[in-house]
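By convention in this document, chain letters (A, B, ...) are assigned in the order of the sequence lines, proteins followed by strands, and residues within each chain are numbered from 1.
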There are 2 protein chains.
Amino acid sequence: MPKLDASLIAGLPPFEGLEKDELEQVLAPARSLRFEREKPIFEQEAEAHLFFVLLDGHVRVVRTTTEGQQVIVRYISEGEVFGIAAALGRTTYPAAAIAAVDCVVLAWPSALWPELSTRFPALGANTYRTVGSRLQEAHTRVVEMSTEQVEQRVAHALLRLVRQTGRKTGEGIEIDFPITRQDIAEMTGATLHTVSRLMSAWEGEGIVTSGRKRVTVSDPHRLMLKAESREKR
Amino acid sequence: MPKLDASLIAGLPPFEGLEKDELEQVLAPARSLRFEREKPIFEQEAEAHLFFVLLDGHVRVVRTTTEGQQVIVRYISEGEVFGIAAALGRTTYPAAAIAAVDCVVLAWPSALWPELSTRFPALGANTYRTVGSRLQEAHTRVVEMSTEQVEQRVAHALLRLVRQTGRKTGEGIEIDFPITRQDIAEMTGATLHTVSRLMSAWEGEGIVTSGRKRVTVSDPHRLMLKAESREKR
DNA sequence: CACTCACTTTGCGCGAGCGCAAATTCTCTG
DNA sequence: CAGAGAATTTGCGCTCGCGCAAAGTGAGTG
């Protein structure tokens, strides 16, 4: 087990408000793990033995229905906790987590959560704050799915990705990991065909530039207009 | 302030695992409040000064979009906590809560949450377990909205309501509070017209009996078939 | 460097379910 | 108990976006 570099980790949101020695105590029982691109970090319905903080990379969280249809629940970015079923009283993971690119994670045994969260209340508070915003985000998605057209939903999804993981380039803000039309479809409840058509149209209008597994938003402002205009019902 | 009857409250899920004297300490700073049918318990975006346990009645949790469209996030039943924004590090309520019928609630000042949850870990664990299942449920709804037809979604919604709040009658299991076609539409992302058509069809098939603000499921098994058959995509 | 496979684009037809409108029925209130 | 308003039902046309199909375009590999 490599010695973890506390100084790089100290600034991450889950550990905010922890003293230096507290952080070391928190990190002591953690292992650092690597996952290659497209490799599963955990599977849906598996025993939730570990919980994680993502140190580097991007992770896709996917739910699969009994009929085999996949839905992307969210993407995890650097510095976020995930797989925290144990903190929410679950014994299994409700979704799978897959490394979207090569990833480095910290992993703790779930059994340690009760002790860690009581010994280090700041850790618990930070984690539950994250849970709160995820619950709110999930409800936001329900509302979007209920009230918006596909075009609006796709625009919102892209804007969210850009905000979360955007990286500035010459042509605009690029989504920082490989993402297919199919992926965007699975985030928005559309088909890859419809997503492809929308992207083509937006490309023509100069709002996005995109290629194989790559999306760059060159005009976020006009994309926001697409996201907001024309409600239904 | 009336003296609270601890014996009636002891069995509720949020208080499971608390000793008798602990329960009394938890209840001490709580106030009991009454709300008439259709009166708001709190408004969306309001300061989250209180958190609640529902002692009697049913509460509708509603999000309103900037365009004024309403979506029913969930219904709260007896014995559930709600309005727990503070436990999730939020300062405002992300949705409104409205009494679906005359209600009795227990209310605590949000400021007490940190103290209560650390002094009584069981209370914290029970609450976060609830949060966990709500997060999962929200994701389930996202998946349903992404992959199912309106008919399946409405069937699922009714089955969920029946499981949560069903009350046996001569004709089947009745949803225990007034609920309109419009309400069901706002839970499923459909229009009241489509919901009405579905209910009429199902009534014809002998699956449900319904009237004004009233729904009884007489054949849950066949409704489950409606909920599961024919996936799309 | 060619081959293959995954990803993407585009066309076309169709159907689920919305939007609008109007009639009907039930409940509550004065 | 009559009137009014809320909730429900039903009809009809239309559109968004899916389903299916087929062609095109990279990118990685042996």
To the nearest angstrom, the CD-P distance between B:E38 and C:dT27 comes to 17 Å
| task | May I ask you to verify if any side-chain N or O of A:T191 is less than 4.0 angstrom from the OP1 or OP2 atom of D:dC18? | result | yes
Double-helix bend of the helix from C:dC1-D:dG30 to C:dG30-D:dC1, axes at both ends from 5 pairs, round to 10°, gives 40°
note: B:L192, atom CG; C:dT24, atom P; distance rounded to Å ~ 18 Å
| query | Hey, are the side chains of A:D176 and A:Y75 touching, using non-hydrogen atoms and a 4.5 Å cut-off? | reply | no
Before you tell me yes or no, could you show the steps for B:T127 and B:R129 under side-chain hydrogen bond (donor to acceptor under 3.5 Å, both in side chains), namely the whole-Å CA-CA distance, both residues' side-chain angles and the distance that decides it to 0.1 Å?
CA-CA 5 Å; B:T127 301; B:R129 189 170 12 255; over 6 Å; no
*asked:* Ignoring hydrogens and geometry beyond distance, is a side-chain donor-acceptor pair present between A:S210 and A:E203 at under 3.5 Å?
replied: yes
Compare all side-chain heavy atoms of A:I173 with those of A:T216 and state whether any distance is below 4.5 angstrom. no
Donor + acceptor pair across side chains of A:T140, B:R63 (<3.5 Å):
yes
A:L198 CG to D:dG17 P, in whole Å, measures 8 Å
Inspect the contact between B:R60 and B:E38 and indicate whether a charged nitrogen and a carboxylate oxygen are less than 4.0 angstrom apart. yes
When rounded to whole Å, the CD to P distance for the pair A:E151 and D:dT15 reads 17 Å
So, with a heavy-atom separation below 4.0 Å from DNA chain D, the residues of residues 173-182 of chain B are B:T180, B:R181
Heavy atoms of B:A99 and B:F35 approach each other most closely as CB-CB, 4.1 Å
Between CZ of A:R197 and P of D:dC20 the distance, given in whole Å, is 14 Å
**Prompt:** Do A:Q152 side-chain atoms and A:K226 backbone N/O form a donor-acceptor pair below 3.5 Å?
**Reply:** yes
Please work out whether the ring planes of B:F42 and B:F52 are parallel, tilted or perpendicular, with thresholds of 30° and 60°. parallel
Smallest heavy-atom separation, B:M145 atom then B:T188 atom, equals SD-O, 3.6 Å
For B:V104 and B:S32, the nearest pair of non-hydrogen atoms, with its separation, is CG1-OG, 4.0 Å
Side-chain contact check for B:T194: nearest option of C:dT9, D:dC18, C:dC18 is C:dC18
Tell me whether the centres of the aromatic rings in A:F82 and A:F51 are closer together than 6.0 Å.
-> no
Looking only at C:dA16, C:dC12, D:dT10, the nucleotide nearest the B:Q149 side chain is C:dA16
Between CD of B:E186 and P of D:dT8 the distance, given in whole Å, is 12 Å
The correct set of residues in residues 199-216 of chain B placing a heavy atom under 4.0 Å from DNA chain D is B:S200, B:G211, B:R212, B:K213
When rounded to whole Å, the CG to C1' distance for the pair B:D183 and D:dT8 reads 13 Å
Rounded to whole Å, CD of A:E148 lies from P of D:dC16 at a distance of 16 Å
**Message:** For C:dT8, does the base pair up with any side-chain atom of A:H193 as donor and acceptor (N or O, under 3.5 Å, distance only)?
**Reply:** no
